[in-house]
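What you see is a predicted model, and the numbers here were worked out from it, not measured in a lab. In what follows, every heavy atom counts, from backbone to side chain, and hydrogens, waters and symmetry copies are set aside. Counting starts at 1 for both ligands and their atoms, in listed order.
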Amino acid sequence: MAARLAAEEQLPREELICLIACRDEEVRSALRTAAEAVRKKYYGTDVYIRGLIEISNYCRNDCLYCGIRRSNAAVQRYRLTKEEILACCEIGYELGFRTFVLQGGEDGGYTDAFLEDLILEQKRRYPDCAVTLSLGERSRESYERLRAAGADRYLLRQEAADPVLYGRLHPREMSLENRIRCLWDLKEIGYQVGCGFMVGAPGQTPEHIAADLEFMKKLKPQMIGIGPYVPHRDTPFAGEPAGSLEQTLMLLSVLRLMFPSVLLPATTALGTIAKNGRELGICSGANVVMPNLSPQYAKDKYMLYNNKLRSGAEAAEGLAMLRQSMEAVGYQIVTDRGDCAGWTNGEETN
Ligand code: SAM
């Protein structure tokens, strides 16, 4: 099945479901080998780094799985200033980061005008860097303004393409329809777009995952973010088990085969459930890691789930350790904007 998926980049729905549900180590190993070959064809052994800046943990949403949900009164809220964010970029640039990812809860405190001003300043100081936003659902007009200011990429996981599962994971006032609308708007406006989902989200079945993969085939994203669901004690899903390491690794391989040139991170959540999770992710087909450049006080408060991977190490020391651990498994971290293969001058060429 691995060879067929590699050749056809898709499987009929029933076979896809069967593959997702498969626990056979031989099949998983064949998927991993095929995925590594495809990844090497497009990206060699390069690993792109993104400097993640967790700019705010204020959030208007109340997603049932998320530690910074609106109704979690135990969270100490913070919002970084423009100067704090630019200071993170300065440290990151010196270390070789050429992409900055601004991620946060849906914080009404960040107006379009504030973000425009911030992005313009980032682009003025670092014209050779990409700016990625991960700030949730906004209006089309807002996405247009931020793109015009210079933002290059936008990450917005669909979370669940199946409406029943989406409804189980989110409060009534949120809609899958709007989430999908946002993703298509972002694409049309010209962002490199990332979507994705949590592996092992409460109530998720292989059929749900197949629906996500099929949705992604239609969207054709440049980036896909998947990581295991990890529980947070102050959420309604506190008692639900975390997603599994093996299933996440297997899905990374499946994604590499279905979307050969996609930018695929080995996520923080993967590094949280297993000490060498990110290295295993890279060896399963992923090609991106997102070290955290946030100030320590923000890292401590941006708790999406318990035990989130956050070393107390300085950014430089953390990066040196990551560089070493990637080299130990045969890959190297590079200083590069790291656009999607086939993406030149703001356009997709293949
Ligand atoms: N507000 C933005 C949004 O909705 O896209 C960005 C921030 S949001 C916290 C980033 C991602 O964290 C979500 O897309 C979700 O998949 C992930 N996340 C939230 N809670 C999680 C949990 N308990 N376990 C694993 N991932 C989680």
Side-chain angles (χ1 to χ4, degrees), residues 50 52-72 75 77 79-80 101-110 115 132-138 142-143 146 153-161 165-166 169-171 173-176 178-180 182-183 186 191 193-204 208-209 212 221 223-245 247-248 251 265-274 277 290 292 294 298-299 301-310:
R50 317 300 195 199
L52 178 65
I53 309 173
E54 296 162 335
I55 63 175
S56 166
N57 68 356
Y58 282 93
C59 193
R60 75 175 118 244
N61 286 336
D62 218 17
C63 306
L64 276 76
Y65 46 83
C66 186
I68 62 166
R69 65 201 300 263
R70 176 183 74 218
S71 58
N72 184 1
V75 177
R77 306 284 169 175
R79 176 183 300 128
L80 299 190
V101 181
L102 308 183
Q103 191 185 85
E106 290 197 15
D107 179 354
Y110 286 135
L115 292 169
T132 303
L133 303 177
S134 177
L135 301 172
E137 298 174 25
R138 303 178 74 91
S142 170
Y143 290 147
L146 304 182
R153 310 185 185 127
Y154 205 104
L155 304 174
L156 182 74
R157 293 181 175 178
Q158 77 274 12
E159 311 293 356
L165 180 61
Y166 187 91
L169 299 175
H170 298 95
E173 69 268 16
M174 288 179 74
S175 84
L176 176 59
N178 194 50
R179 199 106 185 143
I180 303 288
C182 288
L183 283 165
L186 289 162
Y191 286 90
V193 173
C195 61
F197 58 91
M198 293 178 294
V199 178
Q204 185 189 59
H208 293 138
I209 296 176
D212 280 308
M223 306 170 281
I224 297 178
I226 64 159
Y229 161 71
V230 187
H232 186 293
R233 74 176 81 83
D234 300 320
T235 64
F237 289 150
E240 298 286 339
S244 96
L245 172 68
Q247 172 124 59
T248 308
L251 285 169
T267 56
T268 308
L270 189 56
T272 296
I273 61 161
M290 299 171 68
N292 200 327
S294 314
K299 284 186 200 166
K301 295 188 172 81
Y302 196 81
M303 277 297 144
L304 307 183
Y305 41 81
N306 291 133
N307 308 316
K308 191 180 132 211
L309 177 70
R310 63 187 206 291

In terms of side-chain geometry, is the basic nitrogen of Arg60 or Glu137 positioned less than 4.0 Å from the acidic oxygen of its partner?
no

Who's touching ligand 1 if we go heavy atoms under 4.0 Å?
Tyr65, Cys66, Gln103, Gly104, Gly105, Ser134, Gly136, Leu156, Arg157, Glu159, Arg179, Met198, Pro228, Tyr229, Val230, Tyr302, Leu304, Tyr305

Is it the case that the side chain of Arg70 and the backbone of Asn61 share a donor-acceptor pair, with hydrogens and angles ignored and the cut-off at 3.5 Å?
no

Backbone of Ala161 reached by a side-chain donor or acceptor of Asp212 within 3.5 Å:
yes

Verify, without hydrogens or angle tests, whether Tyr143 (side chain) and Arg138 (backbone) share a donor-acceptor contact under 3.5 angstrom.
yes

Consider only side-chain N and O atoms of Ser71 and Asp62, and report whether a donor and an acceptor are under 3.5 Å apart.
yes

Do any side-chain atoms of residues 226-236 form donor-acceptor pairs under 3.5 angstrom with protein atoms, and if so which ones, sequence neighbours left out?
residue, atom, partner, partner atom, Å
Tyr229, OH, Phe237, O, 2.9
His232, ND1, Asp234, N, 3.0
Thr235, OG1, His232, O, 2.8
Thr235, OG1, Phe237, N, 3.4

